[in-house]
Amino acid sequence: MRIAFIGLGMMGRPMAERLIAGGFSVRVNDADLGLADAFGPAWAGTPAEAAREAEVLITMLPTGGIVREVLLGTGEAALALPSGAVVIDCSSSEAAGTVALGADLAARGITLVDAPVSGGVPLAREGKLTLMVGGTDDTLLARLGPILGQIGGRIVPVGPLGAGHAAKAINMAIAACTLAATCEGLALGARFGLDPATLLEVINNSTGRSAVGETVIRNHVLPRTYAQGFALALMTKDVGLADGMRGYLGLHLPLLEATHAQWRDALAELGTATDFSEYNRYVENHLEDPA
Ligand code: NAD
């Protein structure tokens, strides 16, 4: 099956490399031309060139806005795709934008599927990501199965087009809130005189346990390496997507609103070249702030 893969960053690169290693015919493209050498003959000079004759086009880009731009804007990838092709957007995009993009692609005979991923860079390398898939039926899922199975260990159909992106945004907002709460708890404990490693061991074996505590906090916050491989800017975007859903639906969800405000503030303070685990530095910077 011929595949086009656009977006070869922290996540996209290992995902594309797994598809190539799995024997698929893959053409790749990224705005970073410095990646061309790493992909050799699989490299295409433009998104449209990658898309030509592809049966499936996968996007792994920062935002849904960029996905639209690559497909229907300056990238012109959708114009190069044959009718009957399927686009799989693995990016963490905005659900409402995905529904609108799906309608625009359908007018060209192209099917859009949203399949955002969870698991981070290590599981991307192992092909063990969780994929939350929207917009498929059993027939389409069976057709895409070999591709999805090469990058994901768990494929979860979650509903109509956009459902995957909605589920992903909600999960990320919970993870952001959990990370913030755990960083605050560790800072509180440290000021009281508790050893952070001991406190984390207690948390990770008690009711405060979380995936964030067992991975990000243990591997990157405690040793202060801050190199999980997921940008603080992207996490802030994800929390914003969930908060946007809340606003659109007119709901009062104070923890979500507060989490969004905190992450936006952290991004403004720490800048875009920051790993999301560095949120801990933002917490520590403000321990003396007046109430
Ligand atoms: P990244 O910033 O490392 O990579 C994005 C890539 O897209 C870059 O290589 C960039 O050059 C390329 N790009 C940007 N604009 C482009 C364009 N117009 N045309 C072609 N290429 C373009 O981001 P990432 O961490 O790989 O994340 C990608 C998506 O996956 C995001 O939506 C993110 O929220 C989501 N995600 C990330 C992780 C993670 O742990 N990093 C985990 C799950 C989901």
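Remember, it's 1-based here, ligands and their atoms both numbered in the order they're listed. Keep in mind that what you see is a predicted model, and the values were worked out from it rather than measured.
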Polar proximity ligand 1 side, Ala31 side, N/O cut 3.5 Å exclusive: yes

Short side-chain donor-acceptor distance under 3.5 Å, Thr98 and Asp114: no

Contact atoms of ligand 1, heavy-atom distance to Lys237 under 4.0 Å: 31 (C), 32 (O), 33 (C), 34 (O)

Protein contact of atom 30 (O) of ligand 1 - nearest heavy atom, named by residue and atom, plus distance: Met60 CE, 3.0 Å

Greater than 12 external heavy atoms within 6.0 Å of Asp37's CG: no

Salt bridge present between Asp30 and Arg13 (N-O < 4.0 angstrom): no

Heavy-atom donor-acceptor pair, His286 side chain to Arg281 backbone, under 3.5 Å: no

Modelled atom types, side-chain donor and acceptor of Glu278 and His220, under 3.5 Å: no

Which of the ligand 1 atoms, numbered from 1, are nearer than 4.0 Å to a heavy atom of Gly229: 39 (C), 40 (O), 41 (N)

Identity and separation of the nearest protein heavy atom to atom 15 (N) of ligand 1: Ile66 CG2, 3.6 Å

Flag, side chain of Asn204 to backbone of Gly213, donor-acceptor distance under 3.5 Å: yes

Ligand-side contact atoms (ligand 1) for residue partner Gly120, heavy atom cut-off under 4.0 Å: 40 (O)

Point-to-point distance, once rounded to the nearest 0.5 Å, from CZ of Arg18 to CD1 of Ile20: 12.0 Å

Residue selection (non-hydrogen contact nearest atom 11 (O) of ligand 1) among Ile6, Thr74, Asp30, Asp32: Asp30

Leu8 neighbourhood, listing ligand 1 atoms whose heavy-atom distance to it stays under 4.0 Å: 9 (O)

Numbered atoms and elements of ligand 1 in range of Val117, under 4.0 angstrom, heavy atoms: 43 (C), 44 (C)

Protein contact to atom 4 (O) of ligand 1 [nearest heavy atom, distance to 0.1 Å]: Gly9 CA, 3.2 Å

Element-labelled atoms of ligand 1 that are located less than 4.0 Å from some non-hydrogen atom of Pro62: 5 (C), 7 (O), 14 (C), 31 (C), 32 (O)

Proximal atoms of ligand 1 relative to Val70 (non-hydrogen, under 4.0 Å): 17 (C), 18 (N), 19 (N)

Side-chain donor-acceptor pair present, Asn219, Thr215, cut-off under 3.5 Å: no

4.0 Å heavy-atom contact, Glu69 with ligand 1: no

Side chain to side chain, Ile88 and Val56, heavy atoms closer than 4.5 Å: yes

Geometric class of the Trp263/Tyr279 ring pair [parallel <30°, tilted 30-60°, perpendicular >60°]: parallel

Atom indices of ligand 1, in the order listed, that fall short of 4.0 Å to a heavy atom of Lys168: 43 (C), 44 (C)

Nearest-neighbour protein heavy atom for atom 23 (O) of ligand 1, which is reported as residue plus atom name and distance: Leu234 CD1, 3.6 Å

Check: Asn29 N/O within less than 3.5 Å of ligand 1 N/O: no

Close side-chain approach of Arg209 to Ile203, heavy-atom, < 4.5 Å: no

Shortest protein contact, atom 3 (O) of ligand 1 (heavy atom only): Met10 N, 2.9 Å

Closest candidate by heavy atom, reference atom 35 (C) of ligand 1, pool Ser92, Ala233, Gly75: Ser92

Backbone or side-chain N or O of Met11 under 3.5 Å from ligand 1 N or O: yes

Heavy-atom donor-acceptor pair, Lys237 side chain to Thr63 backbone, under 3.5 Å: no

Region of Leu61 engaging ligand 1 - heavy atom pairs below 4.0 Å: both

